[in-house]
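A short write-up of the structure that comes next.
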Amino acid sequence: MNDFAELVYTATRKIPEGKVCTYGAVAKEIGNPKAARAVGAVLKKNPYGIESGCNSDQMVPCHRVVNMKGELTGFFGKTDEAAFERKRNLLEKEGVDFNTDGKVSQCCIHRKF
DNA sequence: CTAATGACCATTA
DNA sequence: ATAATGGCCATTA
């Protein structure tokens, strides 16, 4: 575990339920506005996934992080349809609004912390 | 150590 | 409006 990853996890944990956030916003929050890509790399390897225990303090809601288009890009290192579906279900359950094209409604994207 | 990769983003065509 | 290009950063090979 390095400092950068720790920052990413900390920032991601701040995302409120029923909202989502972009990789870029997280990057900006941790002080590296250009590191959106690196943020994705960290979350991809996220050891504190929601499937590892939703009640844990160190849990990181990486499913609440999407790209700027509102797409779900990936879930637990998987980019297949099944993963997207699972992720989408989770978000809907938390109250996130989805468009007909399967993307997150822009209104639900939390850009500021 | 260097080179390639990716759950991104902003800028052009 | 969509499609392609370049840059960015940390991780991984």
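Side chains included, hydrogens not; waters and symmetry mates left out as well; all remaining heavy atoms used. To find a chain, count down the sequence lines: A is the first, B the second, and so on, and within it residues start at 1.
No side-chain heavy atom of Leu7(A) sits under 4.5 Å from any side-chain heavy atom of Asn32(A). Contact of the Arg111(A) side chain with the Cys21(A) side chain is not registered, since no non-hydrogen atoms from C-beta on lie closer than 4.5 Å.
Comparing dC9(C), dG6(B), dC8(B) against the side chain of Lys34(A) picks out dC9(C) as the nearest. Listed nucleotides: dA7(B), dC9(C), dC9(B). Nearest to the side chain of Cys62(A): dA7(B). When distances run from any side-chain atom of Met68(A) to the nucleotides dC8(C), dC9(B), dC8(B), the shortest one goes to dC9(B). Listed nucleotides: dC9(C), dA7(B), dC9(B). Nearest to the side chain of Ala36(A): dC9(B). Closest contact between the side chain of Asn2(A) and the listed nucleotides dT11(C), dC8(B), dC9(B) involves dT11(C). Distance from the side chain of Thr73(A) is smallest for dA7(B) among the nucleotides dA10(C), dA7(B), dC8(C). Comparing dA10(C), dC9(B), dC8(C) against the side chain of Asn32(A) picks out dA10(C) as the nearest.
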Contact list (N/O, under 3.5 angstrom) for nucleotides 2-4 of chain C vs protein:
none

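Rounded to a whole Å, the CD1 atom of Ile109(A) is 13 Å from the C1' atom of dC8(B). Atom CD in Glu71(A) sits roughly 13 Å away from atom C1' in dC9(B) (whole-Å rounding). As rounded to whole Å, 14 Å separates atom P of dA7(B) from atom NZ of Lys69(A). Summarising the geometry, the separation between CZ on Arg37(A) and P on dA10(B) is reported as 13 Å, rounded to the nearest angstrom. Taking atom CG on Asp3(A) and atom P on dA10(C), their separation rounds to 11 Å, with Å as the unit.
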DNA chain C base-pair string [pairs: Watson-Crick or G-U under 3.5 Å; |: paired with another strand]: .||||||.|||||

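Counting non-hydrogen atoms of other residues, nucleotides and ligands closer than 6.0 Å to NZ of Lys28(A) gives a total of 12 or fewer. Heavy-atom contacts from other residues, nucleotides or ligands closer than 6.0 Å to CG of Asp80(A) number more than 12.
With rounding to the nearest 0.5 Å, the separation of CG in Leu43(A) from CZ in Arg64(A) is 12.5 Å. In this structure, Asp101(A) CG and Lys69(A) NZ are separated by 11.5 Å, a value rounded to the nearest 0.5 Å.
Thr22(A) places a side-chain N or O within donor-acceptor distance of the main-chain N or O of Ala25(A), the cut-off being under 3.5 Å. Looking only at distances, no side-chain donor or acceptor of Lys14(A) sits under 3.5 Å from a matching main-chain atom of Phe113(A).
Here the rule is side chain to side chain contact (heavy atoms under 4.5 Å, CB included) with His63(A), and of Ile50(A), Asn89(A), Thr12(A), Ile15(A) only Ile50(A) fits it.
Ala35(A) comes within 4.0 angstrom of the backbone, heavy atoms only, and of no base. In this structure, Phe4(A) reaches the sugar-phosphate backbone alone: every heavy-atom distance under 4.0 Å involves primed, P, OP1 or OP2 atoms, never a base.
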